[in-house]
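So that the names make sense, note that chain A is the first sequence line, chain B the second, and so on, each numbered from 1. Values below: every heavy atom of this structure, side chains too, minus hydrogens, waters and symmetry copies.
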Amino acid sequence: MDKYEFLYKLGKQLDTQPHQDKKEVLGYYEELIQDAIDSGESESAFIDRLGSVEKIARTLKKDQAFVENVKTKQNYQLQNVFSATVKIIGYGLFFFAMFVLGSIVFSLFSSGLSLMFFAALRLVTILTGGFELNNVLMFAGLILLGLGLILLGWWLARWMLKEAKGKLEKLLEAVQSLFKKEGN
Amino acid sequence: MDAQLKKGLLDLVVLAVLKDDDSYGYKIIQDVSKLIELSESTLYPILKRLDEQGLVTTYSTEYQSRLRKYYRITPQGHTKLRESETDFQEIKRIYDFILR
């Protein structure tokens, strides 16, 4: 590999870096290679010795992350604890809302059931007594209404269970990360 | 040498190389390598760090119709080297204990 190929490949690896950093790194390596050539070293042998461009880029990024971390470590930890706390409060509100919804679901079920039961009873007495179409239709309608309420409750309950399961897992994660951060 | 130990020493060695004369990447590596192994990709972050800490400054000078970046030790850099002597005395006492 010659100088230009090496610098081109290294540049590709550093495309995610800020422009100034990339320029500096490429300048550093270009100067090194040129100085090596000028002192009589073989271009390709020197470039081989530099190692793969992937490894160079990796080392560089690791070091940068390290410098950034040291700079912002304090803020970083605080931020994490803060965001975890907010998350947990958020989930608290979520489960409170779920509790309210749950009560609504329960009342939907129970009123649906009692409505059906009541309407069915009345229907039986009407059918065994004098047959009156108006009343039959009314109580049959009430039975259907009760059934509708139960189905609505059933649908809501299923949706809640699905949501709550996902949220519960995330909540556990948030709690865990909070304790991990504080433990550090 | 143990990697952790080496990491701590390399910054000081690079500073020490610059103590008497300004230098540039390729030459710094040659000078340091006589003493302790230093790869090209390791030197870059060290120089960057020393620069950010104000222990060295840089300037570019033309050499054979191209620019070469030179590193010069600052007064703070000299102070850092002097301070390392105290560290060294302490490390020496610790090693005397380890190797007793």
Steps toward side chain to side chain contact (heavy atoms under 4.5 Å, CB included) verdict (B/K48, A/V25): CA-CA 10 Å; B/K48 182 120 182 122; A/V25 174; over 6 Å; no
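Both the backbone and the side chain of A/Q34 have a heavy atom closer than 4.5 Å to some heavy atom of chain B.
Across all non-hydrogen atoms, the minimal contact from A/F46 to B/E40 is CE1-OE2, 3.6 Å. What you find for A/L32 and B/G25 is that their closest heavy atoms are CD2-C, 3.7 Å. Of all non-hydrogen atoms in B/Q64 and A/D38, the two that sit nearest each other are OE1-OD2, 3.3 Å.
Between A/D35 and the options B/K69, B/R66, B/K27, a salt bridge (charged side-chain N to carboxylate O under 4.0 Å, His left out) holds for only B/R66.
Counting heavy atoms from C-beta outward, B/Y26 and A/E41 have side chains that approach closer than 4.5 Å.
If you take OG on B/S41 and CG on A/L50, they are separated by 8.0 Å, rounding to the nearest 0.5 Å.
Few gaps surround OH on B/Y59; more than 12 heavy atoms of other groups in view lie less than 6.0 Å from it. Heavy atoms from other residues, nucleotides or ligands lying under 6.0 Å from CD of B/Q89 number more than 12. Within 6.0 Å of the NZ atom in B/K6, the count of heavy atoms belonging to other residues, nucleotides or ligands exceeds 12. Counting non-hydrogen atoms of neighbouring residues, nucleotides and ligands closer than 6.0 angstrom, the NZ atom of A/K22 exceeds 12 such neighbours.
Among B/T42, B/L43, B/I29, the residue making the largest number of heavy-atom pairs under 4.5 Å with chain A is B/L43.
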